[in-house]
Amino acid sequence: MSAIPTIPVTVPYGVGDDPATGVVQVEAVARDATAAQRVAGELATTWLRLRHPELDAAPRPGRARIGAGGEPVDGAYAYVFSKRDHIHRLAFPRRIDGSAGNVLGQVLAGLDETQVFAVVFDLGGLDYVNTIGLSSLVAHSKRLRILISGASPTVRQVFEAIGLDRVLPVHRDLPAALGSLH
């Protein structure tokens with residue numbers, strides 16, 4: 001897998017009959033602007049469902065503004081659904097072991113669970129994870145709503161072999177993980 005750019009997208013949304021209630025900033029991981037707009041629309045739809053469950057809120061992806069490609073991602077990454085108007089992207093290396101596993105734990109420890117709806121990891125770019133990385137995920141799974149998507153068959157087997165798939169929901173892809181959030 002080659003590195004995929006992070007593309008900032010500003011997605012306007014409306015509530016009810018008001019077509020321009022606000023915007024959500026999305027750091028989409030996508031190969032091009034068209035894919036970034038699609039991913040940002042999916043993420044914004046989920047964020048709106050989490051942020052405004054009682055309202056008829058909908059993104060307006062056709063009116064989205066797409067920024068220039070940013071820092072590329074060459075490994076696993078996560079989307080942090082904050083309670084503010086931003087969906088952050090966290091990037092991790094292709095191998096989460098030793099120091100990378102410790103960094104993962106520190107990053108998750110730094111998230112304020114009162115300000116986060118969920119953290120959705122895309123492990124499609126992950127080649128290897130050891131017990132330090134797995135422990136970091138488990139240690140924060142009760143405090144943060146963590147979902148896993150896109151894991152390779154090898155990584156999925158690791159999750160299943162140690163029973164981690166019973167602690168952290170593992171989904172085949174990002175749309176399936178987003179569909180499980182409500």
Side-chain angles (χ1 to χ4, degrees), residues 1-9 11 13 24-53 55-62 64 72-83 86-94 96 104 107-108 111 113 116-129 133-134 136-182:
M1 178 181 122
S2 62
I4 304 171
T6 299
I7 301 174
V9 182
V11 181
Y13 65 90
V24 58
Q25 303 290 324
V26 179
E27 296 175 34
V29 176
R31 296 206 181 277
D32 57 42
T34 301
Q37 186 172 4
R38 180 186 51 76
V39 169
E42 292 172 0
L43 295 169
T45 298
T46 300
W47 178 82
L48 282 166
R49 194 171 60 237
L50 295 168
R51 175 89 186 264
H52 301 290
L55 301 176
D56 179 27
R60 309 290 192 246
V73 173
D74 188 35
Y77 59 92
Y79 290 114
V80 179
F81 288 81
S82 76
K83 294 187 179 177
H86 201 119
I87 300 171
H88 300 276
R89 185 262 318 138
L90 304 172
F92 300 96
R94 298 186 74 70
I96 299 179
L104 171 62
V107 167
L108 292 175
L111 295 176
E113 68 270 12
V116 173
F117 290 115
V119 180
V120 179
F121 281 86
D122 186 314
L123 301 183
L126 184 67
D127 293 335
Y128 175 81
V129 60
L134 295 171
S136 294
L137 289 171
V138 171
H140 298 284
S141 65
K142 292 187 191 234
R143 196 175 66 76
L144 300 168
R145 187 174 184 185
I146 297 175
L147 291 90
I148 306 297
S149 72
S152 69
T154 304
V155 172
R156 187 180 272 274
Q157 283 178 329
V158 171
F159 275 71
E160 291 169 358
I162 62 173
L164 194 55
D165 60 328
R166 291 188 301 272
V167 177
L168 296 171
V170 178
H171 302 276
R172 75 181 172 284
D173 57 22
L174 184 61
L178 296 177
S180 73
L181 286 171
H182 29 30

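As the structure is a prediction and not an experimental result, all values here were calculated from the model.
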Visitor: Give me the atom names and distance for the closest heavy-atom approach of Asp74 to Ser2.
Guide: OD1-C, 4.0 Å
Visitor: Would you say Tyr79's side chain and Val29's backbone share a donor-acceptor pair under 3.5 angstrom?
Guide: yes
Visitor: Between Leu50 and Pro53, which heavy-atom pair has the shortest distance, and what is it?
Guide: O-CD, 3.6 Å
Visitor: Any idea which heavy atoms bring Arg31 and Ala3 closest together, and the distance?
Guide: NH1-O, 3.9 Å
Visitor: Please determine whether side-chain contact (heavy atoms from CB on, under 4.5 Å) holds for the pair Gln25 and Ser82, giving the CA-CA distance in whole Å, both sets of side-chain angles, and the decisive distance to 0.1 Å.
Guide: CA-CA 11 Å; Gln25 303 290 324; Ser82 76; over 6 Å; no
Visitor: Indicate the atoms forming the closest heavy-atom contact of Ala30 with Ile7, along with that distance.
Guide: O-CD1, 3.6 Å
Visitor: Just verifying a value: how many Å separate Ile4 CD1 and Tyr77 OH, rounded to the nearest 0.5 Å?
Guide: 5.5 Å
Visitor: Between Val73 and Ala91, which heavy-atom pair has the shortest distance, and what is it?
Guide: CG2-CB, 4.2 Å
Visitor: If you round to the nearest 0.5 Å, how far is CG of Leu137 from CG of Leu123?
Guide: 7.5 Å
Visitor: Using 30° and 60° as the class boundaries, would you call the ring planes of Tyr13 and His52 parallel, tilted or perpendicular?
Guide: tilted
Visitor: Looking at Arg60 and Ala58, would you say the former's side chain and the latter's main chain have a donor-acceptor pair under 3.5 Å?
Guide: yes
Visitor: Evaluate side-chain contact (heavy atoms from CB on, under 4.5 Å) for Thr46 paired with Val120, printing each intermediate quantity in order.
Guide: CA-CA 11 Å; Thr46 300; Val120 179; over 6 Å; no
Visitor: Any side-chain to backbone donor/acceptor pair from Arg49 onto Leu181? Under 3.5 Å, distance only.
Guide: yes
Visitor: Give the table of side-chain donor-acceptor pairs shorter than 3.5 Å for residues 146-175, with sequence neighbours excluded, one pair per line with atom names and distance.
Guide:
{"from": "Ser149", "atom 1": "OG", "to": "Phe121", "atom 2": "O", "distance (Å)": "3.1"}
{"from": "Ser152", "atom 1": "OG", "to": "Val155", "atom 2": "N", "distance (Å)": "3.2"}
{"from": "His171", "atom 1": "NE2", "to": "Ser180", "atom 2": "OG", "distance (Å)": "3.3"}
{"from": "Asp173", "atom 1": "OD1", "to": "Ala176", "atom 2": "N", "distance (Å)": "2.9"}

Visitor: In Å and rounded to the nearest 0.5 Å, what is the CG to CZ distance from Asp32 to Arg38?
Guide: 9.0 Å
Visitor: How many angstroms lie between atom CZ of Arg89 and atom CG of Leu43, to the nearest 0.5 angstrom?
Guide: 12.5 Å
Visitor: Do side-chain atoms of Arg143 reach the backbone of Leu111 as a donor and acceptor pair under 3.5 angstrom?
Guide: yes
Visitor: Please enumerate all residues that pass salt bridge (Lys or Arg N to Asp or Glu O under 4.0 Å) together with Asp127, with sequence neighbours excluded.
Guide: Arg94
Visitor: For the residue pair Val24 and Phe81, establish whether any side-chain heavy-atom pair is separated by less than 4.5 Å.
Guide: no
Visitor: Looking at every heavy atom in both Val11 and Pro59, which two are closest together, and how far apart are they?
Guide: CG1-CB, 3.8 Å
Visitor: Please report the interatomic distance CG(Leu90) to CG(Leu104), rounded to the nearest 0.5 Å.
Guide: 9.0 Å
